[in-house]
Protein chains: 2
Amino acid sequence: MSSARHDRQETIKKATQLFWEKGFHATSMRNLQDVIDLRPGSIYASFGSKEGLFRETLQCYANSSLERLAKHAASLPPLDALKAFITESVSTAKGSSPSDMCMLAKTVAELTQDNAELLAEAKRLLKTIEVAFTELAAKAQQQGALDKDKDPQRIASFLQMQLMGLKAYSRATDGKANIKALIDDAFAGLS
Amino acid sequence: MSSARHDRQETIKKATQLFWEKGFHATSMRNLQDVIDLRPGSIYASFGSKEGLFRETLQCYANSSLERLAKHAASLPPLDALKAFITESVSTAKGSSPSDMCMLAKTVAELTQDNAELLAEAKRLLKTIEVAFTELAAKAQQQGALDKDKDPQRIASFLQMQLMGLKAYSRATDGKANIKALIDDAFAGLS
DNA sequence: CACTCGTTTGAGCGGTCGTTCAATATTAGC
DNA sequence: GCTAATATTGAACGACCGCTCAAACGAGTG
């Protein structure tokens, strides 16, 4: 269980791509077997179930999102980092990435109480991203880039909501819409 | 085919509730058979396939959305009607309605090219709602409630994006978030 | 009431689903 | 190089999927 012959991280990455593209229900185990090149026994020995594997892909996705955000925060002022992160999230979603949607938002949209644990996990991971937003918003206030009378929490939830809306709208319009204008409008009330 | 013994509209309504709640893939025909109280033969005689029935539920959902919007537009100034519609869409979604999500946005998020026709239909219906937004935005400009140098098309797409984001965020937070504040923030740039 | 013809029924089809487990292959320790 | 321990394989399982169709039903007509 602990020392697998295959590269666990690599396996999760490949599974993430597939789940992200097709969603939980539309992805079959046989689909996964082909993509991650493992037979059912190995998958179940490593991850326990389809749900178990999916949970790890959610965490993988959330981690890489947080890393992207941190990368921008390291080289840009907080508010610019937030805008850069959101712009990147929405626009890179148009081409190379599996779906145009946020995988966590897509999961929250798809799942019901029939998969309560996965639904709760996706919500929890979204919250961790929002917390990172809150920290950056607070930092922006300290640096005077943002009104100090605004609640950083409220700004963070607003940005999270914008990100969800932007990705969903981008997908609904096949990226034909003027996304850049929409992002500018979204940030208009802040800067 | 044309004269069914069951109430076709009532059947579609019930199916809409179920599809809206669980999504296309997670809703089984046996599920539907129970809810709409028809046996498979009748369903296939009336709607042809699961996809055919789903398509009609999408149209049913879009129509009732457009009717709600028209209802508000009949008794309120254009901009207030838009805000009332969005507020209603997001807040009624918290309780009685099947999902907290917009059924069309949920469908666009869930489906892939494996169901290309349904995906295209959901996108098309979203666009019809956006067109209604555009008309109201233009009317608001004529009445001086909105800057005339803003493109009504751009305002409409912004509002559509906001609506998608609000519903998705509301679902992700179990409606615990301060949705009213978010709506105010969303409209802050307009009024 | 008998006949007609479109509607409804529901058992059941072929296929795919997530999952299991005995058999096999691979590695690590001596 | 043998053995014990562990990872991997893949055929197969029961359950459920979307869907079909011969048979039963029932409203309208004469």
Side-chain angles (χ1 to χ4, degrees), chain A residues 1-58 107 110-119 121, chain B residues 1-58 107 110-119 121:
Chain A
M1 165 86 189
S2 52
S3 75
R5 212 116 57 200
H6 64 270
D7 183 341
R8 204 162 194 282
Q9 280 313 114
E10 192 58 32
T11 296
I12 293 172
K13 249 186 186 170
K14 287 178 186 168
T16 303
Q17 298 293 310
L18 189 61
F19 273 130
W20 187 4
E21 181 192 340
K22 319 223 324 170
F24 179 72
H25 284 118
T27 301
S28 72
M29 288 304 292
R30 281 160 181 84
N31 235 181
L32 280 162
Q33 290 164 34
D34 294 342
V35 168
I36 70 184
D37 195 31
L38 283 176
R39 262 38 63 199
S42 291
I43 301 176
Y44 281 82
S46 269
F47 302 100
S49 65
K50 185 188 179 186
E51 294 205 8
L53 174 54
F54 187 66
R55 179 185 294 106
E56 300 225 31
T57 66
L58 288 178
T107 298
E110 178 187 359
L111 297 187
T112 65
Q113 289 305 322
D114 296 345
N115 304 98
E117 277 186 39
L118 291 177
L119 181 55
E121 179 67 4
Chain B
M1 165 88 190
S2 53
S3 76
R5 212 117 59 199
H6 64 271
D7 183 341
R8 203 164 194 279
Q9 279 313 114
E10 192 59 31
T11 298
I12 293 172
K13 250 185 184 170
K14 288 178 187 166
T16 304
Q17 298 293 309
L18 189 61
F19 273 130
W20 188 2
E21 180 192 340
K22 318 228 315 173
F24 179 72
H25 283 118
T27 301
S28 72
M29 288 305 291
R30 281 160 180 84
N31 235 183
L32 281 163
Q33 289 164 34
D34 294 342
V35 168
I36 69 184
D37 195 31
L38 283 177
R39 263 35 66 196
S42 291
I43 301 177
Y44 281 82
S46 270
F47 302 100
S49 65
K50 185 187 180 187
E51 293 205 7
L53 175 53
F54 187 66
R55 179 185 293 107
E56 301 225 31
T57 67
L58 288 178
T107 298
E110 179 187 358
L111 297 187
T112 64
Q113 289 305 322
D114 295 346
N115 305 98
E117 277 186 38
L118 291 177
L119 181 54
E121 179 67 2

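Numbered from 1 within each chain, the chains take letters A, B, ... in sequence-line order.
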- Taking OP1 and OP2 of D:dT8, is either one under 4.0 Å from a side-chain nitrogen or oxygen of A:H6? yes

Exercise for the section: Return no unless some side-chain N or O of B:S42 is found under 4.0 Å from OP1 or OP2 of C:dT7. Expected result: no

Whole-Å distance, B:Q33 CD to D:dC19 C1', equals 10 Å

>> Does D:dT9 have OP1 or OP2 under 4.0 Å away from a side-chain N or O of A:R39?
In response: yes

Out of D:dT8, D:dG10, D:dG18, minimum distance to the side chain of A:P40 belongs to D:dG10

Taking OP1 and OP2 of D:dC17, is either one under 4.0 Å from a side-chain nitrogen or oxygen of B:S28? yes

Test for a donor-acceptor pair under 3.5 Å between the base of D:dG26 and the side chain of B:R5, counting only N and O atoms. no

Per atom distances to the B:M29 side chain, the nearest of C:dT19, D:dG18, C:dT9 is D:dG18

Check: B:R55 side chain, B:E117 main-chain N or O, donor-acceptor pair, under 3.5 Å: no

OG1 of A:T27 to NZ of A:K50, rounded to nearest 0.5 Å, is 6.0 Å

In whole angstroms, the gap separating P of D:dG18 from CG of B:L118 amounts to 13 Å

A:D37 CG to D:dT9 C1', in whole Å, measures 12 Å

note: B:N115, atom CG; D:dC17, atom P; distance rounded to Å ~ 17 Å

Whole-Å distance, B:K50 NZ to C:dG15 P, equals 19 Å

The answer to which of A:G41 and A:R30 contacts DNA chain D further toward the 5' end, by nearest nucleotide, is A:G41

Spell out, as yes or no, whether a donor-acceptor pair under 3.5 Å connects the side chain of B:K14 to the backbone of B:D37. no

For the backbone of A:F24 and the side chain of A:E110, can you confirm whether one donor and one acceptor N or O come within less than 3.5 Å of each other?
yes

